[in-house]
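Numbers here are sequence positions counted from 1. Atoms within each ligand, like the ligands themselves, are counted from 1 in listed order. Keep in mind the model is a prediction, meaning the values are calculated, not measured.
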Amino acid sequence: MAPVTRGFRSRGQERDPRLPPGQYDTQGEWPVLTAEVTPNLRPERWTMSVDGLVDRPSSWSWDEMHALPQSTWSGDIHCVTTWSKLETSFEGVSVDLLLDAAGVQPEAAYVLATSTTGYTTNLPLDDVTGGKAWVVWSNEGRPLSPDHGGPVRLLVPHLYFWKSAKWVTRLTLLEHDRQGFWERNGYHDRGDPWSEQRYQGD
Ligand SMILES: Nc1nc2c(c(=O)[nH]1)N[C@H]1C(S)=C(S)[C@@H](COP(=O)(O)O)O[C@H]1N2
Ligand SMILES: [Mo]
């Protein structure tokens with residue numbers, strides 16, 4: 001029995017390659033991190049808008065969003081407070097679709113995402129295009145709960161999860177970066193977990 005036990009132990013000590021540096025696995029749990037009061041949002045009254053440096057400022061109602069081609073993303077999410085949730089999935093629409101419909105102007109290089117609550121977060125345009133970002137309304141096949149951003153949140157899973165604005169309602173295309181809520185409070189403008197871009201200057 002001893003060799004078997006040792007085998008298990010050493011396997012348990014190996015670092016999971018899916019975990020970026022400084023992160024731990026929540027083992028399936030999904031913590032809630034909310035800076036503001038969770039809004040009670042009725043889907044019928046929610047809209048998604050794309051504005052700023054676009055040819056056609058555009059808005060989608062709940063029904064219009066659901067009429068767009070949908071995608072499912074599966075993978076891992078990483079919060080800057082060091083938790084990672086591995087192997088989860090979300091359903092929604094690609095941000096590429098929304099930006100293409102609005103027609104992004106050539107000077108646009110950044111995006112500011114805004115929530116119905118006033119929460120904001122800034123992202124390089126390159127980080128929300130090319131199949132890297134979605135507007136999602138369900139997780140593992142179930143509607144997003146209000147705590148997790150329901151009815152609708154942004155999903156930018158390759159960056160720290162504060163970039164994935166809950167209750168997202170607007171994407172504004174900008175020529176110059178404009179800091180959002182956490183970024184003004186010292187968090188990184190990009191937030192790549194694999195290079196540990198946690199704070200300004202990292
Ligand atoms: N509107 C809004 N979006 C937000 C936040 C927030 O406080 N308000 N927290 C961010 C942070 S720090 C993280 S880790 C994730 C947490 O999402 P969850 O509560 O669904 O885990 O949402 C991000 N989006
Ligand atoms: Mo976070």
Legend entry - Contact residues of ligand 1 (heavy atom under 4.0 Å), by chain and number: Trp30, Pro31, Val32, Leu33, Thr34, Ala35, Glu36, Cys79, Trp83, Ser115, Tyr119, Asp147, His148, Arg153, Phe161, Trp162, Ser164, Ala165, Lys166, Trp167
Legend entry - Whether over 12 other heavy atoms sit under 6.0 Å from Arg190 CZ: yes
Legend entry - Candidate list Tyr160, Tyr187, Phe161, test ring pair (Phe, Tyr, Trp, His ring centres under 6.0 Å), partner Trp182, passing option: Tyr187
Inset, instruction - Under 4.5 Å between side-chain heavy atoms, chaining through other members, with only Ile, Leu, Val, Met, Phe, Trp and Tyr counted: pull out the rest of the cluster around Val32, sorted by chain and number. - result: none
Inset, instruction - Check for a donor-acceptor pair, side chain of Lys85 on one end and backbone N or O of His78 on the other, with a separation under 3.5 Å. - result: no
Legend entry - Enclosure of Glu29 CD (heavy-atom neighbours >12, cutoff 6.0 Å): no
Inset, instruction - Decide if atom CZ of Arg142 counts as having more than 12 heavy atoms of other residues, nucleotides or ligands within a radius under 6.0 Å. - result: no
